[in-house]
Amino acid sequence: MPSTEPSASHYATSAPASSSAPAHVPWRTKCAIVSIGLLTFVGILTETSMNVTFPTLIGELGVSLATVQWLTTGYLLLVTIVMSTTAWVLKRFAPRALFLFALAASAIGVGLCLVAPSFPLLLVGRMVQACATGIATPLMYQLIFMRVPLRRIGSYVGFASIIISLAPALGPTYGGIMTSVWSWRAIFVGVLPVLVFVAVLGAISVRGEAPGVGDRRFDIIGVALLAALFTMVLLAFSAAGRGGWGAPTFWIDLAVCVLVCAALAWHAAHGSRRVFDYSILRIRMIRLRLFGYFGLQFINIGLSFVLPLFVQNVFGATAMQAGLMLLPGALLGAVASPIAGRMYDRRGARGPLLVSISLVIVALALFLGLVPSLTVALVGVLYTMLRLGFNIGFGVTMSDASAQVPPRLKSDQNSLFSMMQQFAGSFGTAVMSAVISARMPGASTVDATVTGSRVDFAILLVLGACMLATIVVSFRAARARAAATGTGASGAADAGRRTR
């Protein structure tokens with residue numbers, strides 16, 4: 001049976017760009033990317049800063065771990081839902097209008113969190129901020145994919161990856177320092193000057209027209225089904241955290257997830273409207289890269305939740321110590337992202353992806369094997385190794401996926417990857433939290449944290465092994481396609497990168 005998967009060479013022949021296109025990026029484009037990127041940075045920074053405040057918030061606001069983790073899980077869930085709309089939104093509205101909306105939502109959300117007297121209002125503020133991040137992140141990538149010359153895509157996506165990956169690692173450090181020096185509310189005070197700078201820089205640089213949606217109408221049913229599916233998945237694991245894996249609510253929620261997933265599949269196949277163009281999922285390389293992208297973010301955010309909790313509950317570390325423990329990995333990872341992007345621009349995805357997954361798997365294996373011997377310093381060293389692996393592979397995975405689709409599908413691919421990246425974060429937090437919380441009844445906090453963290457490390461290690469398998473499969477598929485077309489491996493890589 002012949003394959004229905006479009007080939008990279010098919011897209012390459014229809015692409016308007018070429019390797020001889022100018023490599024200059026206008027200053028206005030650079031400033032626009034920076035301003036929107038910083039808006040994304042603020043959202044992610046405040047989200048991950050809250051992780052180290054959970055023990056404080058549990059005592060101060062009188063809530064449980066299963067409840068307080070919704071500050072992260074709920075935030076990422078709403079970001080995911082908002083991102084699911086961006087394949088249509090990015091075409092319907094001009095970049096400037098989207099930027100101003102995201103800026104206003106971020107400022108309002110920060111203000112609500114700053115003055116929140118109780119957990120419900122704090123959660124509302126985080127949800128408003130989620131709307132800002134859900135628009136800003138895909139908008140940043142859209143500017144890169146549509147305005148940056150093809151030969152520099154890897155470098156600019158590497159820069160974007162610094163923003164997305166540096167914020168989760170700096171967040172615990174920033175949150176720990178602010179909480180120790182003053183209060184968790186200081187987290188939101190500290191980002192106010194950044195928002196003022198973003199407003200000024202974005203006002204002079206963010207321009208452009210909306211591409212238009214033609215006769216394509218907004219798929220409210222598809223968005224509602226996606227929102228229901230993502231919500232039920234997280235509610236199921238939240239129920240497991242409260243009542244254990246045998247809780248009836250957990251299994252009922254899982255059954256509902258299956259039904260909603262079936263309804264979404266039917267709608268995608270037969271509905272007259274689409275959240276995004278599902279045809280991109282027929283491309284094998286897109287499916288493989290999407291799994292890798294999802295897995296890297298799942299591991300990244302999952303560990304950002306587990307490790308600060310581990311060192312505070314087990315070693316009695318302060319929030320500041322927990323944050324500083326992750327800082328070296330954040331800084332080295334930030335340096336690695338643009339270097340990996342340049343490697344991809346010059347030589348393709350093979351080298352960076354193999355180095356990336358190797359570092360991730362080794363770090364996770366050591367976390368799992370050394371649980372009884374872990375110290376704050378050793379956790380920091382292993383996390384640094386993992387962060388290097390994450391940053392080397394994260395941007396390259398996105399860049400290589402972008403090379404597989406034609407220009408008309410860039411916003412769809414962007415929306416899909418951005419959506420799944422955020423859901424990976426919320427799902428990772430929910431799973432890691434549920435594993436630890438399910439062991440809390442009948443056990444001390446220290447024992448539950450140690451046992452639950454060991455299981456969490458094992459889950460992440462299995463996921464890393466699956467990611468390695470998809471990378472190997474993708475390289476074999478690329479070689480087979482190169483042999484079939486007679487281009488050779490390097491020619492196939494070049495053809496893929498010329499897809500724009």
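What's counted below: heavy atoms across the whole structure, side chains too, no hydrogens, waters or symmetry copies.
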Colleague: Could you go through the side chain to side chain contact (heavy atoms under 4.5 Å, CB included) check for L57 and L71 one step at a time?
Modeller: CA-CA 11 Å; L57 292 174; L71 289 175; 3.6 Å; yes

Colleague: Got a donor-acceptor contact below 3.5 angstrom from the S402 side chain to the M398 backbone?
Modeller: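 No, S402 side chain to M398 backbone: no donor-acceptor pair under 3.5 Å.
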
Colleague: Which pairs of donor and acceptor atoms, one on a side chain in residues 458-468, lie under 3.5 Å apart (sequence neighbours left out)?
Modeller:
none

Colleague: With sequence neighbours excluded, tell me which residues meet salt bridge (charged side-chain N to carboxylate O under 4.0 Å, His left out) with R289.
Modeller: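 Per chain and number, R289 pairs via salt bridge (charged side-chain N to carboxylate O under 4.0 Å, His left out) with D400.
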
Colleague: So does P308 get a backbone contact from the side chain of Q312, meaning a donor-acceptor N/O pair under 3.5 Å?
Modeller: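 Present.
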
Colleague: For F197, enumerate each residue passing the ring pair (Phe, Tyr, Trp, His ring centres under 6.0 Å) test, keeping only those at least two apart in sequence or located in another chain.
Modeller: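 Result, ring pair (Phe, Tyr, Trp, His ring centres under 6.0 Å) vs F197: none returned.
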
Colleague: So, using ring pair (Phe, Tyr, Trp, His ring centres under 6.0 Å) as the criterion, who are the partners of F188 when residues are at least two apart?
Modeller: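 With neighbours one apart ignored, the set is empty.
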
Colleague: Quick one: ring pair (Phe, Tyr, Trp, His ring centres under 6.0 Å) partners of F305, sequence neighbours excluded?
Modeller: none

Colleague: May I ask you to check whether T133 and Y75 show a side-chain donor-acceptor distance below 3.5 Å?
Modeller: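 Distance-only check passes for T133 and Y75.
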
Colleague: Could you grab the distance from atom CD1 of I392 to atom OG of S356, nearest 0.5 Å is fine?
Modeller: 6.5 Å

Colleague: Show every side-chain hydrogen bond (donor to acceptor under 3.5 Å, both in side chains) that has at least one partner inside residues 184-204, sequence neighbours left out.
Modeller: E60-W184

Colleague: Has T137 got a side-chain atom pairing as donor or acceptor with T40's backbone, closer than 3.5 angstrom?
Modeller: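 Flag not set: sc T137 to bb T40 has no pair under 3.5 Å.
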
Colleague: State which residues pass side-chain contact (heavy atoms from CB on, under 4.5 Å) with C261; sequence neighbours excluded, sorted by chain then number.
Modeller: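 For C261 the side-chain contact (heavy atoms from CB on, under 4.5 Å) partners, ignoring immediate neighbours, are L229.
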
Colleague: Please identify each residue that fulfils side chain to side chain donor-acceptor pair (under 3.5 Å) with T231, with sequence neighbours left out.
Modeller: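 Side chain to side chain donor-acceptor pair (under 3.5 Å) list for T231, sorted by chain: empty.
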
Colleague: Can you list, pair by pair, the side-chain donor-acceptor contacts under 3.5 Å of residues 357-377, counting residues two or more places apart and other chains?
Modeller:
residue	atom	partner	partner atom	Å
S358	OG	L354	O	2.7
T375	OG1	L378	N	3.1

Colleague: With ring centroids as reference points, do F237 and F427 lie under 6.0 angstrom apart?
Modeller: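 Centroid distance F237-F427: below 6.0 Å, so yes.
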
Colleague: Which residues pass the ring pair (Phe, Tyr, Trp, His ring centres under 6.0 Å) test with F119, not counting sequence neighbours?
Modeller: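 With neighbours one apart ignored, the set is empty.
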
Colleague: Mind checking side chain to side chain donor-acceptor pair (under 3.5 Å) for S49 and listing every partner two or more places apart, or none if nothing turns up?
Modeller: none

Colleague: Which donor-acceptor pairs under 3.5 Å do the side chains of residues 98-107 make with protein atoms, sequence neighbours left out?
Modeller:
none

Colleague: Side-chain contact, heavy-atom cut-off 4.5 Å: F298 with Q421?
Modeller: no

Colleague: Under the criterion side chain to side chain contact (heavy atoms under 4.5 Å, CB included), I'd like the reasoning laid out for L416 against Q413: C-alpha separation, chi angles, the key distance, then a yes or no.
Modeller: CA-CA 5 Å; L416 173 64; Q413 179 261 329; 5.7 Å; no

Colleague: Hey, does R387 have a side-chain heavy atom less than 4.5 Å from the side chain of L332?
Modeller: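 No - every pair of side-chain heavy atoms lies 4.5 Å or more apart.
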
Colleague: Show your working on side chain to side chain contact (heavy atoms under 4.5 Å, CB included) between M420 and L290 and close with a plain yes or no.
Modeller: CA-CA 8 Å; M420 294 309 296; L290 180 61; 3.9 Å; yes

Colleague: Give the C-alpha distance, both sets of side-chain angles, the deciding distance and a yes or no for side chain to side chain contact (heavy atoms under 4.5 Å, CB included) between V89 and V82.
Modeller: CA-CA 10 Å; V89 168; V82 172; over 6 Å; no

Colleague: Could you go step by step and tell me if F294 and F417 meet the ring pair (Phe, Tyr, Trp, His ring centres under 6.0 Å) rule?
Modeller: CA-CA 8 Å; F294 179 94; F417 272 66; over 10 Å; no

Colleague: Is there a side-chain contact between V198 and V42 in this structure, where contact means two heavy atoms from C-beta onward sitting under 4.5 Å apart?
Modeller: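 Side-chain contact under 4.5 Å: no.
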
